[in-house]
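In the text below, chain A, chain B and the rest are named by the order of the sequence lines, each starting its count at 1. Only a predicted model underlies this, so the values are computations on that prediction, with no experimental measurement involved. Any value given below was found using the heavy atoms of this structure, including those in side chains, with hydrogens, waters and symmetry copies removed.
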Amino acid sequence: MFDIIIKKIGFSYGKDEVLSINNLSINKGSTTVFLGSNGSGKTTILKLISGIYSPSKGSISPGTETLKNKSVLVHQNPYLFSGSVKYNIEFGLKIRNISKNIRKSIIQKVLLEARLLNLITRKTSSLSGGEKHRLAIARALSLNPDILVLDEPFANIDPESRDTIEKLILKREKNGITTIISTHNLTSAYRLASSIIYMDKGKIIEPETNFIKGSVIKRDDYFCFFQADNYKKVSPILIPATDGDYSTAVIPYKDIFLSGTNIKTSAQNQYIGIIRSLVKKGNQFFVTIDCGISLKAIVTDLSVREFKIKEGKSIFVNFKASAVKLY
Amino acid sequence: MVLNKALTLIFTADREVIFISMTSLSMALTSTILSTIPALILGTVLSIKNFHGKSIIIIFLNSLMAMPTVVIGLLIYSLISRSGPLGNFGLLFTPWAIIIGQSILSFPIIASLIYSALSKTAVELPETLETLGAGGTRKLYMIFRESKTAVLSAILSGFGRVIGEVGVSMMLGGNIRWFTRTITTTIALETSKGEFELALALGIILIFISFTVNALLHWGVNRNV
């Protein structure tokens, strides 16, 4: 197991550079999700990470060949070989000279997890879209890769297949497999990711939402109390009461407002923090505040001047309970 | 009346009908097999490798697909006739002359269609093979396995072209009875003489051969999908 470290890479089709990333680290055992619109470079970065493509410039540690040997990529439109479900799973195992008995037990295990065991002899041409996706992921998992790379695994599939795939991914994360996913599906992205990377036009862009992993520790008639992981000393975030099991809270930057004093408003969440950074982008500023958990807000030039916002200054962070979405 | 006589020739297994049919079939099969091997290699190389002059080869192959059979017959004739550079081999007006001509006729068709079939394979296939750890020969085998319908169709198109051609067989085989007479040259000859029974019988057999080969291919491919 190893971290993946990307430094100043570029990738070009002919003369057109379609991807350019300065620095990116992906921790071993983490689940990293790439979010972005079509043509944003998600598939290209996934193919670079899985060693299918080599960068036109820059480097990816631990190297394209190692990445190719240690990872398995599942395409958005997975290619299944003609023949049976079993043939597809067995293919990679045979290449690795795994004995027949072990092959058999691996096939049984992954097909059971992917809810495909009853279809083991079925021809792939007769599978539904969701079943095809699950089979492709089961085929990848049967090889027990260090890195699992999934390109749009939730595209065009039924909710039941989506849940099965999410469970497969979460189980592998617990086993320490590094999982890298590209998706448009925000719900799945927020639920699965330990980190989210936003892409646009081949570049990593600043996200516009705070993304906090944690769990609901308490509920009353009005609120859920969401406690951020690893930040037990910070007061829980208040969210309008809702049922369900959640692991992520998302707060858009634009829904956070800053105040110089402890003002009384209808916003149920208020924290005091220290401004860690102030970055101007276009005609607005991205302010990072350390409140025990790190939160970001967007403010205007006027607000920066009015509140004398600068690094190291204490400030109050406010946001409504209804501004928080749970996943 | 003519149809009755033609059917009688077929169902009584007339010796000449059988001989002509077997000659046609064996020469078409031999030439298809002979051209398939280099066509398979060229088609594969063109589809998986990028090199200088590739476009010219593809244009050349595509042009050859439309080459009239009599022109190919003429070119080979000039090579193997007594005064030609290969005249000493005594190939002219032998079954081998027809096989050579038909091989040259079917080669560009098979090569071009195989190139086209393999090039159109989903981009996900080679990448899936790579990511699952298949390389070299195994990767190539799987690409063929997954493209088998298109590859077999290409070979069948080559066979269809040669089993039904007249020009090469007539010019290089000479339409010699009990030696180089094929279904198509006999049909041409008998029709020109106004004797349609044998021509019709052979026409029916030609259609039957085409149908059988297609059916076998269709059955063979669908059985394994």
Got a sec: does the [atom1] of [X] have more than 12 other heavy atoms crowding it under 6.0 Å?
X        : atom1 : value
B/Phe51  : CZ    : yes
B/Lys54  : NZ    : yes
B/Tyr141 : OH    : no
A/Asn156 : CG    : no
A/Glu17  : CD    : yes

**Asked** Are B/Arg145 and A/Tyr87 in a cation-pi setup, meaning NZ or CZ lies under 6.0 angstrom from the ring centre and within 45 degrees of the ring axis?
**Response**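 Yes - B/Arg145 lies over the ring of A/Tyr87, closer than 6.0 Å to its centre and within 45° of its axis.
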
**Prompt:** Tell me, do B/Glu130 and A/Ser50 make a side-chain contact under 4.5 Å, heavy atoms counted?
**Reply:** no

Does any backbone or side-chain atom of [X] lie under 4.5 Å from a heavy atom of chain B? Answer side chain, backbone, both or neither.
X       : value
A/Leu93 : neither
A/Asn77 : both
A/Ile95 : both

Hey, what do you get for [atom1] ([X]) to [atom2] ([Y]), rounding to the nearest 0.5 Å?
X        : Y        : atom1 : atom2 : value
A/Ile52  : B/Thr131 : CD1   : OG1   : 4.5 Å
B/Glu146 : A/Phe81  : CD    : CZ    : 6.5 Å
A/Leu73  : B/Leu132 : CG    : CG    : 9.5 Å

**Asked** Any side-chain donor-acceptor pair under 3.5 Å between B/Glu127 and A/Tyr79?
**Response**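 Checked: B/Glu127/A/Tyr79 side chains show no N/O donor-acceptor pair below 3.5 Å.
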
**Prompt:** Can any side-chain N or O of B/Glu124 pair as donor or acceptor with the backbone N or O of A/His75 at less than 3.5 Å?
**Reply:**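 No; judged by distance alone, with no hydrogens or angles, the pair does not exist.
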
